[in-house]
Amino acid sequence: QVQLVESGGGLVQAGGSLRLSCAASGSISSINAMGWYRQAPGKQRELVARITSGGNTNYLDSVKGRFTISRDNAKNTVYLQMNSLKPEDTAVYYCNADVLSTYGMTRTWGQGTQVTVSS
């Protein structure tokens, strides 16, 4: 079984920065894409950023130029550097990973970490 553990969320003022981390552990053969989603109360979950095993990335339009997704394959970890944070970035952020194990390919989710940006 595979587990994703997120960290790095917190409270920050508008214009500040946070760095989220998500480490995968367990019976991992390989990891394909990894990504970050977010969901605010009463709103739909949305994809924030995604990165493939080869390093190709894509971003939600509203975070382009402010957020950067990266990964450390040796540590099975994905990061989200968030700069110039805005109040509308406030949400629970969830990481995900498409993991190949002995059970097959599974999209695995973290427990979520709260990001709150004050105005």
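Only this structure's heavy atoms are used, side chains among them; waters, hydrogens and symmetry mates stay out.
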Exercise. How long is the span from the CZ atom in F67 to the CG atom in L60, to the nearest 0.5 Å?
Worked result: 8.5 Å
Can you find a pair of side-chain heavy atoms, one from [X] and one from [Y], that are under 4.5 Å apart?
| X | Y | value |
| --- | --- | --- |
| M82 | V48 | no |
| E46 | R38 | yes |
| K86 | S62 | no |
| V117 | Q13 | no |
| L85 | L18 | yes |
| V78 | L4 | no |

For this session: Determine whether the side chains of N83 and S17 contain a donor N or O and an acceptor N or O closer than 3.5 Å.
Result: yes
Exercise. Is it the case that Q114 and T116 place a side-chain donor and acceptor less than 3.5 Å from each other?
Worked result: yes
Exercise. Looking at K64 and D61, does any basic side-chain N land under 4.0 Å from a carboxylate oxygen?
Worked result: yes
Seminar exercise, completed: Applied to residues 92-114, the ring-ring contact (aromatic ring centres under 6.0 Å, His included) test, sequence neighbours excluded, yields Y37-W109
For this session: Establish, yes or no, whether the cationic atom of R19 lies under 6.0 Å from the six-membered ring centre of Y79 and within 45° of the ring axis.
Result: yes
